[in-house]
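For reference, the structure is listed below as structure tokens.
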Amino acid sequence: MLKKTCSSVGRSSSLRLFARPAVAAMGAFCAKPEIDTIYETDTGAAPYRSNFQDNIMLLSDSYKTSHWRQYPPGTTEVYSYFESRGGKYDEVVFFGLQYFLKRYLQGKVVTRERIDAAEKVVNAHMGLGEMKHFNREGWEYILQQHDGKLPIVIKAAPEGMVVPVKNVLMTVVNTDPKCFWLTNYLETLLVQVWYPMTVATQSRAQKKVIMDSLIKTGTDLPNMPNKLPAPLKMITVGYQLNDFGCRGVSSMETAGIGGAAHLVNFCGSDTMPGLCTAIDYYKLPLEACAGTSVPAAEHSTITSWTKAGEKDAFENMLKQYPEGIVAVVSDSYDIYNACEKLWGTELKDLIASRAPPTGKLVVRPDSGDPKTIVVEVLERLSKHFPVTTNSAGFKVLPPYIRVIQGDGISYESLKEILANIEAKKWAAENVCFGSGGALLQKLDRDTQKCAFKCCEAVVDGKPRPVFKDPITDQGKKSKQGRLKLVKRAGKLTTLTDGEGAESEDLLVEVFRNGSVTKTFTFQEVRQQSEVGLVTPIFDVSACEFCLRDPCGDVDGELAATTQGQIDLGPMPSNECREDLLQGLRELLTSRELCDIALVAAGGQAFPAHRTVLAACSPALRARISKLNSASLQADGLPVISLDVKHSEAVKALVDSVYGIGAAESDRQYSPSSEAANMDVLKLAREFDLPALEDQVGLSECPLIRRRHD
């Protein structure tokens with residue numbers, strides 16, 4: 001009779017199907033495992049997360065728990081790699097590894113408690129009770145000799161890099177000869193990078209389709225300015241494909257990883273977990289105007305007004321959100337009536353009165369054949385709203401109304417819709433898109449044929465090439481020997497068998513012995529991903545404004561490209577400059593030595609220092625030089641009257657000059673209205689204050705969006 005010291009409870013149904021009666025009944029002879037005592041149980045008092053989900057020893061395929069016995073005697077090193085062996089797209093965007101390293105692998109991940117828990121689970125789960133499969137000795141060794149940190153080195157392509165298929169993307173090797181079995185034990189977790197990589201790859205492919213159509217139909221993207229406060233390339237392209245996938249994915253973690261992968265290429269998203277992943281794991285500044293959405297209706301907020309009240313529902317949307325962009329689902333009953341009678345006639349003036357440049361209504365159809373319905377909606381709207389023809393001969397709706405198609409959008413349907421729009425002589429700029437399941441869920445590991453294979457092992461002190469070459473599928477032949485990703489003749493290629501110099505290798509070390517050794521910011525990822533596109537939309541001027549210090553430097557460091565420039569001697573340190581600004585802010589707060597005031601038309605006066613204002617702006621210096629004893633006074637100070645209506649715009653100017661927004665996040669500029677925002681922009685341009693324009697940029701990035709239903 002088979003003997004077992006732990007229960008078969010929880011074993012898979014497939015095992016029971018093949019078990020002999022005696023084996024199937026063996027649970028009657030086994031003690032119940034004390035699984036419930038491993039971790040705290042769910043009390044129901046708060047959302048519950050199982051500690052098993054954070055146990056690295058359990059985040060693997062079951063059969064890998066038996067592999068430590070299967071390598072040749074004398075094995076001390078296992079070296080493996082990850083690649084896309086082909087697939088739907090001929091190049092991939094490598095993205096997402098940093099999330100997995102930080103979320104699951106860094107730091108002390110092996111503890112006594114976790115070893116005990118994993119041992120109970122594995123030995124209850126694996127086999128038929130004939131032996132214990134859990135490698136307790138191996139995990140105990142990692143705990144004792146490496147303080148529970150994983151003794152491996154991972155090298156990978158820089159995140160965001162666009163790499164042709166059939167090239168090495170990541171290598172993994174153990175650093176302790178006694179932990180040779182660990183390399184491929186981690187395969188299961190590391191291979192899951194296929195998911196964010198494939199989402200980013202597919203999203204980028206759709207970005208190329210959209211950019212091509214925009215250019216073909218009259219949008220001059222390559223020559224379009226992309227500087228603050230209106231980074232037009234980013235605005236024009238970044239919100240053309242919006243992520244509607246949160247509800248359609250398998251989990252919130254999937255939404256987070258996949259949503260972040262889409263944001264590598266675009267800015268519009270309704271998947272908040274994706275934005276949060278980019279913020280937490282890739283240092284995406286929240287102020288960077290990426291991963292944004294707009295007020296939008298769903299069917300319940302329209303149909304709750306009843307069919308007879310649809311016009312009232314539409315009007316409510318326009319009045320509740322009088323400024324900026326608002327998206328309204330319009331097919332609850334009759335999309336054609338909505339376009340022509342409600343939007344096109346009864347509410348036409350209210351739509352046309354929305355304040356430029358960001359004020360617009362976005363009409364959303366949500367049923368019908370996508371490639372047909374989009375053109376039909378454009379045609380119906382064109383009967384009632386003035387249409388112009390651009391220089392390329394394509395029709396354009398007025399800027400206060402646009403269309404979004406969020407139903408049935410995939411890589412394939414996107415091309416069909418744009419082709420039909422072009423055929424009917426409509427410019428692509430009239431329409432943007434939202435994609436859900438096809439963007440984040442309708443793909444799998446085989447979409448890009450991702451695989452992780454051992455390609456070298458050291459046995460008895462000698463390296464040996466390791467590979468597979470099945471006669472039934474040559475596409476699954478794997479690489480062998482030590483690998484390098486290099487650029488030869490302008491193209492990326494993989495060298496095998498240890499060929500090439502280390503200095504050629506584009507793979508960078510990202511993890512060693514429990515520590516993440518190299519990280520990538522989201523901006524770096526985006527810049528990598530745009531290599532090879534017709535034009536970048538995420539350039540430094542458009543996206544790193546939020547990282548500038550008050551002196552306009554990025555990340556507080558002067559650019560390293562100073563070759564050929566005159567040596568001006570040592571520059572003041574960041575600390576010195578910040579001390580100076582802090583002193584000026586203190587003088588401003590206490591009004592000490594203030595000798596001038598700025599005021600909006602009929603508004604509040606804001607004291608300041610002439611020297612500070614004059615040093616920041618020649619235009620302000622010219623205004624100050626004209627002051628005399630006859631000048632207007634406020635609180636005993638001579639006044640410069642500014643031609644704006646909103647006092648908050650004047651305050652924003654003063655705060656910007658003194659670096660208050662950069663120093664105190666709780667006092668950063670947040671406009672009460674778009675009109676106030678435009679006053680700030682007016683002052684910034686009148687007095688040539690780039691830092692103030694940056695503040696406008698923080699609040700001004702518009703997107704053409706809607707909400708899905």
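In this structure, Tyr81 contributes its side chain and Lys479 its backbone to a donor-acceptor pair below 3.5 Å. Asp446 places no side-chain N or O within donor-acceptor distance of the main-chain N or O of Lys449, the cut-off being under 3.5 Å. Under the 3.5 Å distance criterion, the side-chain polar atoms of Thr188 are matched with a main-chain donor or acceptor of Asp61. A donor-acceptor distance shorter than 3.5 angstrom exists from the side chain of Ser435 to the backbone of Ile409, with no hydrogens or angles considered. The closest donor-acceptor contact from the side chain of Thr183 to the backbone of Val78 lies under 3.5 Å. Checked by atom type and distance alone, the side chain of Thr201 pairs as donor or acceptor with a backbone atom of Val93 at under 3.5 Å. Although no hydrogens or angles enter the test, the distance criterion places no donor-acceptor pair under 3.5 Å between the side chain of Arg114 and the main chain of Met57. With hydrogens and angles disregarded, no donor-acceptor distance shorter than 3.5 Å links the side chain of Thr76 to the backbone of Pro177. Between the Thr517 side chain and the Arg512 main chain, no donor and acceptor come within less than 3.5 Å of each other. Counting only distance, with no hydrogens or angles, the side chain of Asn242 and the backbone of Phe433 share a donor-acceptor pair below 3.5 Å.
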Worksheet item: Where do Lys518 and Glu509 land on the side chain to side chain contact (heavy atoms under 4.5 Å, CB included) test, with the steps shown first?
Response: CA-CA 7 Å; Lys518 170 67 178 176; Glu509 181 184 297; over 6 Å; no
Fill in: Evaluation steps, side chain to side chain contact (heavy atoms under 4.5 Å, CB included), between Leu443 and Lys88
CA-CA 10 Å; Leu443 37 79; Lys88 183 174 182 178; over 6 Å; no
Worksheet item: Are Glu524 and Lys283 close enough, and set up right, to give a salt bridge (Lys or Arg N to Asp or Glu O under 4.0 Å), and what steps lead you there?
Response: CA-CA 10 Å; Glu524 289 171 335; Lys283 298 182 180 179; over 6 Å; no
Practice prompt. Begin with the C-alpha distance, continue with both residues' side-chain angles, and end with the deciding distance and a verdict on side chain to side chain contact (heavy atoms under 4.5 Å, CB included) for Cys179 and Tyr141.
Written response: CA-CA 9 Å; Cys179 298; Tyr141 179 83; 3.8 Å; yes
Worksheet item: Does the pair Gln448 and Tyr89 meet the rule for a side chain to side chain donor-acceptor pair (under 3.5 Å), with working shown?
Response: CA-CA 7 Å; Gln448 289 305 127; Tyr89 306 102; over 6 Å; no
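Defined by atom type and a distance below 3.5 Å, a donor-acceptor pair is present between the side-chain atoms of Thr535 and Lys233. Side chains of Glu77 and Tyr79: no donor on one and acceptor on the other come within 3.5 Å. Looking at Gln527 and Asp539, their side chains never bring a donor and an acceptor atom within 3.5 Å of each other. A donor-acceptor contact under 3.5 angstrom links the side chains of His262 and Ser203, judged on distance only. The closest side-chain donor-acceptor pair between Asn167 and Glu83, if any, does not fall under 3.5 angstrom.
Within 6.0 Å of the NZ atom in Lys166, the count of heavy atoms belonging to other residues, nucleotides or ligands does not exceed 12. A 6.0 Å sphere centred on CD of Glu137 holds no more than 12 heavy atoms belonging to other residues, nucleotides or ligands. Applying the 6.0 Å contact sphere to CZ of Arg445 captures no more than 12 heavy atoms from other residues, nucleotides or ligands.
Sorted by first and then second residue, the pairs that involve residues 173-201 and meet salt bridge (Lys or Arg N to Asp or Glu O under 4.0 Å), not counting sequence neighbours, are Lys64-Glu187. Pairs of residues two or more places apart, or lying in two chains, that qualify as side chain to side chain donor-acceptor pair (under 3.5 Å) and include a residue from residues 149-159 are Lys155-Asp505, Glu159-Tyr282.
Taking 4.5 Å as the limit, every side-chain heavy atom of Val172 sits out of range of all side-chain heavy atoms of Asn184. Put simply, the side chain of Val237 reaches to within 4.5 Å of the side chain of Met211, judged on heavy atoms. Taking 4.5 Å as the limit, every side-chain heavy atom of Glu91 sits out of range of all side-chain heavy atoms of Leu492. Using a 4.5 Å cut-off on side-chain heavy atoms (C-beta onward), Asn55 and Val121 make no contact. For the pair Met170/Leu507, no side-chain contact is recorded, criterion being any heavy-atom separation below 4.5 Å from C-beta on. Side-chain atoms of Glu140 and Ile115, non-hydrogen and from C-beta on, do get closer than 4.5 Å to each other. Side-chain contact check for Val466 versus Cys455: every heavy-atom pair is 4.5 Å or farther apart.
Scored by the side chain to side chain donor-acceptor pair (under 3.5 Å) test, Asp90 finds no partners at all (sequence neighbours excluded). Applying the ring pair (Phe, Tyr, Trp, His ring centres under 6.0 Å) test to Phe100 and every residue at least two apart in sequence or in another chain returns nothing. Among residues two or more places apart in sequence or in another chain, the ring pair (Phe, Tyr, Trp, His ring centres under 6.0 Å) test is passed with Trp68 by none. For the side chain to side chain donor-acceptor pair (under 3.5 Å) test, residues two or more places apart in sequence or in another chain that qualify with Tyr99 are Glu253.
Atom CG of residue Asp116 and atom CZ of residue Phe134 lie 8.5 Å apart, to the nearest 0.5 angstrom. From Cys276, atom SG reaches atom OH of Tyr281 across 11.0 Å, with rounding to the nearest 0.5 Å. Taking OG of Ser80 as the reference point, atom CD1 of Ile154 lies at 11.0 Å (rounded to 0.5 Å). Rounded to the nearest 0.5 angstrom, Thr65 OG1 and Tyr185 OH are separated by 6.0 Å. With values rounded to the nearest 0.5 angstrom, Thr171 atom OG1 is found 11.0 Å from Glu456 atom CD. With rounding to the nearest 0.5 angstrom, the OG1 atom of Thr521 is 8.5 Å from the CD atom of Gln98.
Residues Pro72 and Arg464 share a closest heavy-atom pair of CG-NH1, 4.0 Å. Taking every heavy atom of both residues into account, Leu440 and Tyr195 meet most closely at O-OH, 2.7 Å. Shown here for Ile537 and Glu530, the closest heavy-atom pair between the two residues is N-OE2, 2.8 Å. Here the closest heavy-atom approach between residue Cys267 and residue Phe538 is recorded as SG-CE2, 3.5 Å. Looking at every heavy atom in both residues, Ala156 comes nearest to Leu97 through CB-CD2, 3.6 Å. Across every non-hydrogen atom of Ser62 and Met126, the tightest pair is O-SD, 3.5 Å.
Screening Val264, Val162, Val209, Val199 for a side chain to side chain contact (heavy atoms under 4.5 Å, CB included) involving Arg204 leaves a single residue, Val162. Of the residues listed (Glu499, Glu502, Glu504), the one engaging Lys484 in a salt bridge (Lys or Arg N to Asp or Glu O under 4.0 Å) is Glu502, and it is the only one.
Look at Asp54 and Arg49 and you find a salt bridge, because one of the NZ, NE, NH1 or NH2 atoms lies within 4.0 Å of a carboxylate O, short of that distance.
The ring of His67 has its center no closer than 6.0 angstrom to the ring center of Tyr71.
Ring pair Phe94/Phe82 is tilted by interplanar angle, where 30° to 60° counts as tilted.
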